[in-house]
Amino acid sequence: MSAGTVADHLYRRRRLANQLALTLATAATLFGVFWLIWILWTALSFGIGAMKWDLFTQMTPPPGSDGGLLNAFAGSLIMCLGAILIGTPIGIAAGTYLAEFTGRSRLGETIRFFNDILLSAPSIVLGLFIYELVVHQVGHFSAIAGALALALIVLPVVVRTTDEMLKLVPGQMREAALSLGVPQWKVTMQVLFRSALPGIVTGVLLALARISGETAPLLFTALNNQYWTTDLNAPMASIPVVIFQYAMSPYESWQQLAWAGAFVVTIFVLLLSLVSRAILLRNKVRND
Amino acid sequence: MSVNTGTTAGEPLMRPMSAETRRAHRDAFSDRIFRRTVAAAGLFVLLVLGGAAFSMLWGGRDAFLTFGPEFLWSTEWDAVNHRFGALVPIYGTIVTALIAMIIAVPVSFGIAVYLTEVAPTWLRTPVGAAIELLAGIPSIIYGMWGLFVFVPFMGEYISPWLNDNIGEWPILGPLFRGPPLGMGMLTAGIVLAVMVIPFISSVMREVFLTVPTRLKESAYALGSTTTEVVWDVVLPYTRSAVIGGIFLGLGRALGETMAVTFVLGNAHRLSASLLEPGNSIAATIANEFTEADSDIYLSSLIALGFLLFVVTFIVLAIAKLMLSRLNRQEFAK
């Protein structure tokens, strides 16, 4: 009898410990989701209140008065586009090198290792790098420097997705094309890229999502500009930097504009992530 | 091709061969160009990282040469007399990142366990996707939420409560004694924790999913509870990758700029209390870079950037090595 009660006791204790642990895991999830919902809700509710049509038609105002964010939107658009245009080709080329030419060789693994570190490196450090390399040499802040700093953030994302997506392309495709006598560059450009395209596009979209809210590297490169400009050689406003400046200010109207900008950036980033996920998912379904 | 050479076998082989060899030469040439272009792009990645390290060392050389090793442990930050030391920002960076990890690691572990073992199957994908989506929200949004919503909340409720209840404790007390400003190390640490939870939990979830179902089901068949399976099968199998994920989150927390700049209070003062305003390396650079009015000031800020780069590089390298250990293990199977 006593053996039975000892066993019962043991079972009960294990079951209790299990239930306690699983409850804690569930609580942890609720805890994590709670904060994230709180933050999203804050951004959306404050942001919707601050949304108005002037946002897209007027320039950033001087302290204390009303205005819009038109020049900041334009600046963000220009610099993000520039960053994508610079970062994507280099990233795709480097990713191709990793997937098609190095395999698991030591050089390939080294580049992958440093690329992954670049992927998680603090963006502020990349901003300082471009400051030293460009701004310090030229002598003034410029939109070009801003785009370059953002391109350094785009680069590792594209390298990694290109590398991974090319590796997913079945080897038979390469062999079939090569056996027809097609040179390797044509095989890569016309067969492999076509097959890996949805994945690479996803990578570029994710990179765009990442740089559209990036603030720190722009502080030392593109700086800010209160006025409309399309001169790439001059300081340029961007949404994140304007948000930073206006949110820290004591003026009510500036803070409202900062919330509006934050709202637009949040919605844009969430949409981009959803779209890129949809592309990946559709591609997966088609391949299966 | 072979048919072609067959019919021309009797003729002098020159003409058709030359057309073919010319084409082969052209293909080989363009292949070589192609190979060199992509190889250059690959090496460019190495160059960027090396260039970043070197350029910051170069930009910070004034500070390193002027202050010597004392730069690392001096608490002075005096723009008027041009005396700069990095201890306060270094301390702030480490303390805020530590607070973030103390909160984020257990929570992320809980989330990963919930998403792989506990939650009903239909719930796993949407909740996992939601958490990954939230990892993509720009840090400046976290910063604004911190400044406008969380700082007042801390100042109103949490800080006074900590001050009254824990402030008198013998050892931990001094950490939680201070004015109810809302801004400070603790607030920054909590905001950082919220930021890195999605990162760490999605890495952990992914590595937990690599555990072969065979292993887990064997343990269940022997009568293990879910907790025992996680603790005795899943964790030992993925230990190095879990540590890698934690270091990945630590790297993020150390280098995060905007989220902490808003809530840290930008005070160059070393204080024991976590409720007092402080500073971190990234926040100092972001706040003061455009105001730096002397070369040595600017150089000190870039030198801070170099220190941050070195520390995050080490942390991320460890993370990467730990994560790749699991891959290799899987590869060897």
- Query: So which part of B/L298 gets closer than 4.5 Å to some heavy atom of chain A, the side chain, the backbone, both or neither?
  - Reply: side chain

- Note on the structure: Honestly, the part of B/N266 sitting under 4.5 Å from a heavy atom of chain A is neither

- Message: Please rank B/M195, B/E228, B/R252 by heavy-atom pairs under 4.5 Å with chain A and give me the top one.
- Response: B/E228

- Message: For B/F148, which atoms come within 4.5 Å of any heavy atom of chain A: side chain, backbone, both, or neither?
- Response: side chain

- Item | Greatest number of heavy atom pairs closer than 4.5 Å to chain A - which of B/V113, B/L134, B/T290 | B/L134

- Query: Taking the side chain from B/D62 and the backbone from B/S299, do they hold a donor-acceptor pair closer than 3.5 Å?
  - Reply: no

- Which answer fits A/Y131, side chain, backbone, both or neither, if we ask what part of it has an atom under 4.5 Å from a heavy atom of chain B? side chain

- Which atom of B/I281 lies closest to which atom of B/T93, heavy atoms considered: N-OG1, 2.8 Å

- Measuring heavy-atom distances to chain B, does A/V125 have an atom under 4.5 Å in its side chain, in its backbone, in both, or in neither? both

- Which atoms of A/F31 come close to chain B, meaning under 4.5 Å heavy atom to heavy atom: side chain ones, backbone ones, both, or neither? side chain

- Contact class of B/T261 relative to chain A, heavy atoms under 4.5 angstrom: both

- Message: Looking only at the side chains, is there a donor atom on one of B/S30 and A/W185 sitting less than 3.5 Å from an acceptor on the other?
- Response: yes

- Task: Go through the atoms of B/T312 and report whether side chain, backbone, both or neither lie under 4.5 Å from a heavy atom of chain A.
- Result: side chain

- Toward chain A, the part of B/A24 with a non-hydrogen atom under 4.5 Å: neither

- Using 4.0 Å as the upper bound for N to carboxylate O, is an ion pair formed by A/E109 and A/R112? yes

- Under 4.5 Å from any heavy atom of chain A - which part of B/I285: both

- Would you say B/S224's side chain and B/Y220's backbone share a donor-acceptor pair under 3.5 angstrom? no

- Does a side-chain N-to-carboxylate-O contact under 4.0 Å join B/D27 and B/R23? yes

- Query: Charged N to carboxylate O below 4.0 Å: is that the case for B/R35 and A/E100?
  - Reply: no

- Note on the structure: Of the listed A/G213, A/G32, A/A17, A/A93, the one with the largest count of heavy-atom pairs under 4.5 Å with chain B is A/A93

- Comparing B/A40, B/A28, B/G110, B/G255 against chain A, the one with the most heavy-atom pairs below 4.5 Å turns out to be B/G110

- Message: Please classify the contact of A/S212 with chain B as side chain, backbone, both or neither, using a heavy-atom distance under 4.5 Å.
- Response: neither

- Message: Taking the ring of B/F262 and the ring of B/W145, is the distance between their centroids below 6.0 Å?
- Response: no

- Measuring heavy-atom distances to chain A, does B/I190 have an atom under 4.5 Å in its side chain, in its backbone, in both, or in neither? side chain

- With a 4.5 angstrom heavy-atom cut-off, could you sort out which part of A/L155 is near chain B: side chain, backbone, both or neither? side chain

- Note on the structure: Whatever's closer than 4.5 Å to a heavy atom in chain A on B/V118 counts as side chain

- Task: Go through the atoms of A/A27 and report whether side chain, backbone, both or neither lie under 4.5 Å from a heavy atom of chain B.
- Result: neither

- Measure across B/L147 and A/M248 and return the closest heavy-atom pair with its distance rounded to 0.1 Å. CD2-SD, 4.4 Å

- Under the side chain to side chain contact (heavy atoms under 4.5 Å, CB included) criterion, do A/L218 and A/L150 qualify, and how do the steps go? CA-CA 8 Å; A/L218 291 177; A/L150 295 180; 4.1 Å; yes

- Note on the structure: Whatever's closer than 4.5 Å to a heavy atom in chain A on B/M144 counts as both

- B/L264 side chain near B/S280 side chain, heavy-atom distance below 4.5 Å: yes

- Item | Nearest atoms (heavy-atom pairs only) where A/T221 meets A/A149 | CG2-CB, 4.0 Å

- Against chain B, work out which of A/I111, A/V33, A/V269 has the most heavy-atom pairs shorter than 4.5 Å and name it. A/I111

- A/F34 atom CZ: more than 12 heavy-atom contacts under 6.0 Å: yes

- So, the part of B/T226 with a heavy atom under 4.5 Å from chain A: the answer is both

- Which one of B/P198, B/A39, B/A286, B/P138 has the most heavy-atom pairs closer than 4.5 Å to chain A? B/A39

- Message: Quick check on the structure: residues of residues 35-42 of chain A within a heavy-atom distance below 4.5 Å of chain B, by number.
- Response: A/W35, A/L36, A/W38, A/I39, A/L40, A/T42

- Message: Whether the A/Q245 and A/N224 side chains hold a donor-acceptor pair (N or O, under 3.5 Å, no angle test) is what I'd like checked.
- Response: yes

- Query: Given the rule in the side chain to side chain contact (heavy atoms under 4.5 Å, CB included) test, do A/F220 and A/I130 qualify, once you have shown the distances and angles that lead to the verdict?
  - Reply: CA-CA 8 Å; A/F220 330 122; A/I130 295 296; over 6 Å; no

- Task: Compute the ring centroids of A/F46 and A/W259, then answer whether they are less than 6.0 Å apart.
- Result: yes

- Item | Pair listing, side chain to side chain donor-acceptor pair (under 3.5 Å) test, anchored in residues 118-129 of chain A, at least two apart | A/S123-A/E214

- Message: Surrounding CZ of B/R36 (heavy atoms of other residues, nucleotides or ligands, distance under 6.0 Å), is the total greater than 12?
- Response: no

- Can you say whether B/A319 sits under 4.5 Å from chain A via the side chain, the backbone, both, or neither, judging by heavy atoms? neither

- Item | Any side-chain donor near an acceptor of the partner, A/N18 and B/T227, under 3.5 Å | yes

- Message: Between B/E256 and chain A, with a heavy-atom cut-off of 4.5 Å, which part of the residue counts as in contact: side chain, backbone, both or neither?
- Response: neither

- Toward chain B, the part of A/L98 with a non-hydrogen atom under 4.5 Å: neither

- Check each atom of A/I90 against the heavy atoms of chain B and say whether the ones under 4.5 Å are side chain, backbone, both or neither. both

- Query: So which part of B/I33 gets closer than 4.5 Å to some heavy atom of chain A, the side chain, the backbone, both or neither?
  - Reply: neither

- Identify which part of A/R210 has an atom lying under 4.5 Å from any heavy atom of chain B, answering side chain, backbone, both or neither. side chain

- Query: Could you walk me through whether B/R205 and B/E117 pass the salt bridge (Lys or Arg N to Asp or Glu O under 4.0 Å) check?
  - Reply: CA-CA 10 Å; B/R205 185 175 78 110; B/E117 303 293 334; over 6 Å; no

- Message: For the interface with chain B, which of A/A216, A/A21, A/A262, A/A247 has the highest count of heavy-atom pairs at distances below 4.5 Å?
- Response: A/A247

